[in-house]
Amino acid sequence: MAEVRLVNLVKAFGRQIAIKGINLVIEDKSFVALVGPSGCGKSTTLRMIAGLETVSWGDIRIGGEVVNDLPSRSRGVAMVFQSYALYPHMSVRANLSFGLRISGEPRAEIDRRVADAVEVLELGPYLDRRPSQLSGGQRQRVAMGRAMVREPRVFLFDEPLSNLDAKLRHQMRAEIKKLHRRIQNTVVYVTHDQVEAMTMADKIVIMRDGRIEQVGSPAEVFRSPANIFVAGFIGAPQMNFFRGRVGPGGAIFVDRIGEPVLAEPGAFVLPAEGEEVILGLRPEHIVPENHGMVPRRSVCFKATVTMSEALGNETLLTAAFGGVEFVARMADPREVEDGETIEFRIDSDRIHLFDPVTEGTLRRVSN
Amino acid sequence: MNRVQPQHLDLSAIDWREVARRKRRLVSGGSWGMWLAVAMALLWMVPFYYLLITIFKSPAEFATGPKLALPEGLWPVVGNVSAAWQAARMGPAFLNSAIYAVTGAASAVIIAAMAAHGLARFDFRGRTALFMTIFAGTVFPLQLYLIPLFFSYQSLGLIDTRLGMILFYTAICIPFPVLVLRNYMSQMSREMDEAARMDGCGEFRLFFSIVLPNASSPMLALFLLQFTWVWNDLLFATVLTQSPELRPIMPALQVFQGGYASQSPTVILTASFLASLPTVLLFLAMRRTFMTGLTAARN
């Protein structure tokens with residue numbers, strides 16, 4: 001069993017505290033993605049699990065054992081680095097077997113493990129090449145192979161796809177996912193790319209400024225973001241936010257939108273009448289008239305298009321009303337001129353409401 | 001909207017002479033500059049030409065004929081080599097030079113690599129101060145060390161010993177490689193070190209199995225530079241050694257100098273030529289590695 005448990009984990013660099021006491025359970029055999037903007041502490045957390053950074057406070061437990069003071073090699077973890085970190089002076093074969101050779105594994109065992117990795121990752125034709133003779137994707141596979149042969153309890157990935165082009169990234173995403181299904185290890189995967197996190201992970205951990213903002217499945221963090229930060233971070237283009245006020249009967253009034261938005265009954269814990277709230281709407285839930293499904297319950301308003309970005313299958317419209325800008329997705333697109341006024345429909349069943357002070361969600365916690 | 005078709009250029013219509021002319025117009029700095037450079041290069045080569053033709057002349061031919069004329073035959077070189085070899089006792093001198101240059105330069109570069117790895121990778125208090133102290137070794141003129149070194153060596157009994165010479169050359173050759181290798185190693189991927197640590201490397205294995213092989217090009221270039229410096233050193237070798245059995249090649253050539261020296265210039269030039277031959281041959285043999293090493297160290 002290789003459950004990873006972080007208990008009150010703190011990392012300080014001098015007087016600067018990078019990780020501010022995080023608690024997280026990463027279940028055995030799960031694929032967990034740590035996401036967040038640059039400097040949020042996700043890589044530092046991973047490096048502490050790897051044993052490349054000391055733990056300033058709190059504990060890291062792998063398979064129930066506290067590993068704070070164990071060197072990397074004794075933790076049963078293997079890491080795939082952003083730059084692949086292959087040994088340039090060694091062939092692919094030597095890169096794969098280096099760790100096993102220095103730990104004194106018997107020759108037959110080394111050959112067996114290397115052969116397994118080579119077969120899974122289809123590295124056969126490249127065994128005698130140096131890393132400089134490989135493409136980015138091939139190097140990435142060698143880096144994964146080097147981690148695999150150690151048969152670790154936990155796989156750590158530190159932004160492994162960020163140096164690849166878009167097409168290869170897509171392909172490697174699928175390969176890593178397949179690899180996880182096949183070898184069934186615990187995976188901790190760090191990325192700043194929320195698409196990677198959403199498509200690969202069983203569980204996403206969203207971090208900001210050394211703290212965990214939300215932990216949940218991809219669907220959970222997308223559908224029920226815990227706060228404005230998560231709502232804005234997960235989803236591209238990001239969620240639109242409008243200032244509104246609570247009216248009678250739980251209606252939300254937004255300036256310059258004539259009709260009130262009626263939230264799904266019972267879904268939110270609303271503040272008192274007259275109090276301010278932040279209304280969040282994803283671009284796909286602001287539907288341009290005649291482009292996309294008409295929502296079951298909706299509110300109409302007009303806005304002027306300031307920019308349109310045609311993506312082929314859809315167009316992203318940036319529009320404004322009363323000084324407020326937002327982005328909407330136009331399905332089945334037509335050409336739109338800048339300055340054109342268009343009618344939009346807000347899908348009332350898909351709104352998010354947040355407290356403007358705490359920035360937390362007002363959604364009722366369902367049991 | 002009209003459909004716009006991309007128009008393809010007929011590539012067979014390209015006039016390749018015009019392509020070459022355009023390139024020449026862009027890169028050439030004018031023919032005057034070129035001729036000036038050629039003239040300077042020729043002027044620079046006159047002493048080498050003088051050396052090369054003189055070693056093939058007999059003392060008599062050199063004394064009577066025009067100095068820059070081509071030699072009449074090639075055989076006099078044998079007599080010149082033989083005279084030079086015996087007069088300067090070049091056999092033991094070559095051996096001494098080889099021992100000092102190889103041992104001194106190699107130990108210096110390996111010690112410098114270890115120091116550079118430490119300075120580039122370990123965070124410890126006083127790291128910059130330590131580096132600056134080592135670096136100061138390259139700043140002061142070397143002659144400054146001569147007198148204190150002589151007296152310290154005298155009190156330690158290291159004057160006129162092989163150990164003394166090797167110790168001195170090793171020490172004097174360390175600072176410059178530290179400077180170059182520290183910069184080089186700072187730019188090596190830290191993730192590579194970390195990957196090696198995760199693979200189970202301790203510090204020494206990391207250094208010898210991962211860092212050293214990846215720094216071999218600049219290390220080899222530095223070895224060549226330091227080898228040449230030790231080989232060509234006259235001053236320190238003259239001061240720190242006295243007996244002919246321990247003297248390297250450069251001070252050995254001093255027999256040709258002074259009031260009682262009576263050898264012909266053909267023999268003296270032959271001795272100089274022979275003395276400089278090993279460094280030239282070493283450079284020619286390793287020039288490719290030397291150039292890649294220099295480029296690697298610069299980048």
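Bear in mind the structure is a predicted one, so any value in this text is a computation, not a measurement.
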Ring-face cation of A/Arg150 near A/Phe155 (centre distance under 6.0 Å, axis angle within 45°) = no

Side-chain donor-acceptor pair under 3.5 Å between B/Asn96 and B/Arg162, yes or no?
-> yes

Side chain, backbone, both or neither of A/Val77 within contact of chain B (heavy atoms, under 4.5 Å) | both

Which bit of A/Ser83 is near chain B, if near means a heavy-atom gap under 4.5 Å: side chain, backbone, both or neither?
-> both

Can A/Thr191 and A/Lys42 be counted as having a side-chain donor-acceptor contact under 3.5 angstrom?
-> no

Results of side chain to side chain donor-acceptor pair (under 3.5 Å) for A/Arg169 - residues two or more places apart only | none

Partners passing salt bridge (Lys or Arg N to Asp or Glu O under 4.0 Å) against A/Glu109 (at least two apart in sequence or in another chain) = A/Arg112, A/Arg113

Taking atom types as modelled and ignoring hydrogens, do the side chains of A/Ser91 and A/Asp128 form a donor-acceptor contact shorter than 3.5 angstrom?
-> no

Portion of A/Ala78 that has a non-hydrogen atom of chain B nearer than 4.5 angstrom | backbone

Using a cut-off of under 4.5 Å for heavy-atom pairs, which of A/His89, A/Arg47, A/Arg75, A/Met79 has the most such pairs with chain B?
-> A/His89

Sort B/Ser216 into side chain, backbone, both or neither according to what part of it lies under 4.5 angstrom from a heavy atom of chain A.
-> neither

Heavy-atom distances under 4.5 Å only: say whether A/Leu100 touches chain B with side chain, backbone, both or neither.
-> neither

Contacting region of B/Arg205 [heavy-atom separation from chain A under 4.5 Å] = side chain

